[in-house]
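As a basis for the values below, the full set of heavy atoms in this structure was taken, side chains included, without hydrogen atoms, waters or symmetry mates.
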Amino acid sequence: MKRFFYQIFCGIAFFLLIPIVVTLLIQGTGTDSAENLSFMPSTEEQEGELNEDFLRGIVANEISMDTEPEAIKAQAVIARTNCLRAMERGESLPEGLTKGEMVRLWGQENFSERYSLLESSIEATKGVSMVYNGSYIQADFHKISAGYTRDAAEVYGNEDFPYLKSIDSRMDIIGEDFLKVIFYTPNELIAKGGELFTDETKAAAAEMSASGFMEKISISKRDKAGYVTEVVIDGKPHSGEEARLLYGWNSSNFSLKEVDGEIRVTTKGLGHGLGVSLHGANELAKDGFSYKEILKYFYSGIEFVTQYD
């Protein structure tokens with residue numbers, strides 16, 4: 001009789017454990033740092049050859065799997081190039097997603113299909129990276145441009161990144177995140193701007209009119225892609241990127257206007273505007289561009305090299 005009850009107990013326990021075992025097989029148990037945690041190599045591994053498996057988490061973190069396959073392949077080359085550059089310079093690798101995070105991001109029902117697309121995109125570009133004059137490039141990218149990508153020489157004031165030129169990306173204009181409009185009261189802008197404003201201005205913020213605020217701020221310089229490179233606030237110059245990061249605006253291609261007693265802030269694009277526009281890359285892929293053609297479109301004068309030959 002005891003043996004009979006013991007067999008029943010074991011059977012029930014087995015069926016209760018099945019969902020847990022399946023979940024662990026999908027998401028990982030946490031014992032394998034590459035496959036189940038973050039796909040990131042150890043310090044010792046970073047000093048050697050790049051393990052292609054680590055690219056899965058990085059690419060999944062950087063681009064949507066709803067994107068065209070050739071654009072995902074382009075992103076795999078971007079990720080690989082940035083990893084190799086970082087390894088060469090002794091820097092940290094880009095951040096990646098775990099399998100568990102991918103499941104939460106894509107949903108359990110979509111995981112297998114999207115993970116398979118991720119793997120095939122990396123395999124199709126295995127070993128391919130980008131160089132300029134024999135050195136790995138800084139493969140910058142952003143979600144969507146303001147119609148043109150930016151020239152790094154205007155952003156940084158030097159010629160260290162000659163492959164990051166201003167490129168026509170007007171296909172971005174149709175993108176959902178191309179344009180954003182936000183309204184603020186003068187008090188809200190001054191409070192959020194913090195040290196950008198003098199104590200005198202902050203003390204008067206609650207009673208300040210929109211026209212009074214507009215006298216405190218002026219855009220003094222833009223680059224040829226339309227991004228603000230200098231904005232004067234309360235008599236002091238600041239970079240457009242400093243202002244956009246402080247306020248959490250989509251990009252530094254912004255403009256301010258007084259509208260019905262409030263300040264209307266309009267931004268174009270999403271991100272810093274350098275390198276590949278992910279939206280633009282997707283549109284080029286729809287038009288039949290291969291991943292190498294997409295990358296050569298956005299990065300000027302680059303060459304492709306292949307590791308592991």
Compare all side-chain heavy atoms of [X] with those of [Y] and state whether any distance is below 4.5 angstrom.
X	Y	answer
Asp140	Leu164	yes
Leu189	Tyr247	yes
Val59	Leu118	yes
Thr81	Ile137	yes

Do [X] and [Y] belong together in a cluster built from hydrophobic side chains that touch within less than 4.5 Å?
X	Y	answer
Met214	Ile190	yes
Ile167	Val77	yes
Ile302	Phe289	yes
Phe298	Val155	yes
Val259	Val181	yes

If every non-hydrogen atom of [X] is compared with every non-hydrogen atom of [Y], which pair is closest and at what distance?
X	Y	answer
Phe197	Gly193	CE1-CA, 4.0 Å
Ile122	Glu52	CG2-OE1, 3.7 Å
Met102	Gly57	CE-CA, 3.7 Å
Gln307	Val305	NE2-CG2, 3.9 Å
Lys126	Thr306	O-CG2, 3.9 Å
Ala60	Met65	CA-CE, 4.5 Å

Ser116 backbone acceptor or donor facing Ser120 side chain under 3.5 Å = yes
query = Judged by atom type as modelled, is there a donor-acceptor pair below 3.5 Å linking the side chain of Glu188 to the main-chain atoms of Thr185?
reply =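 Such a contact is found between Glu188 side chain and Thr185 backbone.
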Apply ring pair (Phe, Tyr, Trp, His ring centres under 6.0 Å) to [X] and list each qualifying residue two or more places apart in sequence or on a separate chain.
X	result
Phe304	none
Tyr136	none
Phe161	Tyr156

task = Could I get the full list of side chain to side chain donor-acceptor pair (under 3.5 Å) partners for Glu68, not counting sequence neighbours?
result =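 Side chain to side chain donor-acceptor pair (under 3.5 Å) list for Glu68, sorted by chain: empty.
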key: All side chain to side chain donor-acceptor pair (under 3.5 Å) counterparts of Asp287, not counting sequence neighbours   = none
Report, as yes or no, whether the 6.0 Å neighbourhood of atom [atom1] on [X] holds more than 12 heavy atoms from other residues, nucleotides or ligands.
X	atom1	result
Glu109	CD	yes
Lys202	NZ	yes
Glu293	CD	yes

Could I get the full list of side-chain contact (heavy atoms from CB on, under 4.5 Å) partners for [X], not counting sequence neighbours?
X	answer
Ile219	Arg222, Val228, Val231, Phe254, Leu256
Asp160	Asn158
Thr67	Ile63, Ser64, Ala71, Ile72, Asn282
Glu230	Ser220, Lys221, Val232, Pro237

Separation of [Y] [atom2] from [X] [atom1] (nearest 0.5 Å):
X	Y	atom1	atom2	answer
Leu55	Leu50	CG	CG	5.0 Å
Leu246	Glu195	CG	CD	10.0 Å
His142	Asp177	NE2	CG	12.0 Å
Tyr297	Thr149	OH	OG1	8.5 Å
Leu196	Lys216	CG	NZ	13.5 Å
Ser239	Tyr227	OG	OH	14.5 Å

task = Kindly indicate, with the supporting measurements, whether the criterion side chain to side chain contact (heavy atoms under 4.5 Å, CB included) is fulfilled by Lys143 and His279.
result = CA-CA 6 Å; Lys143 187 166 185 181; His279 182 274; 5.8 Å; no
query = Got a sec, which residues hit salt bridge (charged side-chain N to carboxylate O under 4.0 Å, His left out) with Arg114, two or more places apart in sequence or on another chain?
reply =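 If we apply the salt bridge (charged side-chain N to carboxylate O under 4.0 Å, His left out) test to Arg114, skipping adjacent residues, the hits are Asp66.
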query = Would Thr125 and Arg80 satisfy side chain to side chain donor-acceptor pair (under 3.5 Å), going step by step from the backbone distance to the final call?
reply = CA-CA 9 Å; Thr125 66; Arg80 184 181 296 107; 3.3 Å; yes
request  = State, without any angle test, whether Thr229 and Asp223 hold a side-chain donor-acceptor pair at a distance under 3.5 Å.
outcome  = no
request  = Answer with yes or no whether the side chains of Glu241 and Ser252 bring together a donor and an acceptor at under 3.5 Å.
outcome  = yes
task = List the steps, then state whether side chain to side chain contact (heavy atoms under 4.5 Å, CB included) holds for Leu295 with Tyr291.
result = CA-CA 6 Å; Leu295 294 169; Tyr291 77 88; 4.2 Å; yes
query = How are the rings of Tyr299 and Tyr163 set to each other: parallel, tilted or perpendicular (split at 30° and 60°)?
reply = perpendicular
Atom pairs and distances, donor-acceptor, side-chain atoms in residues 127-135, under 3.5 Å, two or more places apart:
none

request  = Start with the C-alpha gap between Ile182 and Trp249, add the side-chain angles, then the distance that decides, and say whether side chain to side chain contact (heavy atoms under 4.5 Å, CB included) holds.
outcome  = CA-CA 9 Å; Ile182 313 172; Trp249 295 335; 4.2 Å; yes
request  = Give the C-alpha distance, both sets of side-chain angles, the deciding distance and a yes or no for side chain to side chain contact (heavy atoms under 4.5 Å, CB included) between Arg150 and Ser166.
outcome  = CA-CA 4 Å; Arg150 306 181 71 182; Ser166 181; over 6 Å; no
query = Do NZ/NE/NH1/NH2 and the carboxylate oxygens of Arg56 and Glu119 come within less than 4.0 Å?
reply = yes
ask   = Is it true that Lys73 and Glu70 make a salt bridge, defined as a side-chain N closer than 4.0 Å to a carboxylate O?
value = yes
key: side chain to side chain donor-acceptor pair (under 3.5 Å) partners of residues 264-278, not counting sequence neighbours, each pair once   =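 Residue pairs with at least one partner in residues 264-278: Asp172-Ser277.
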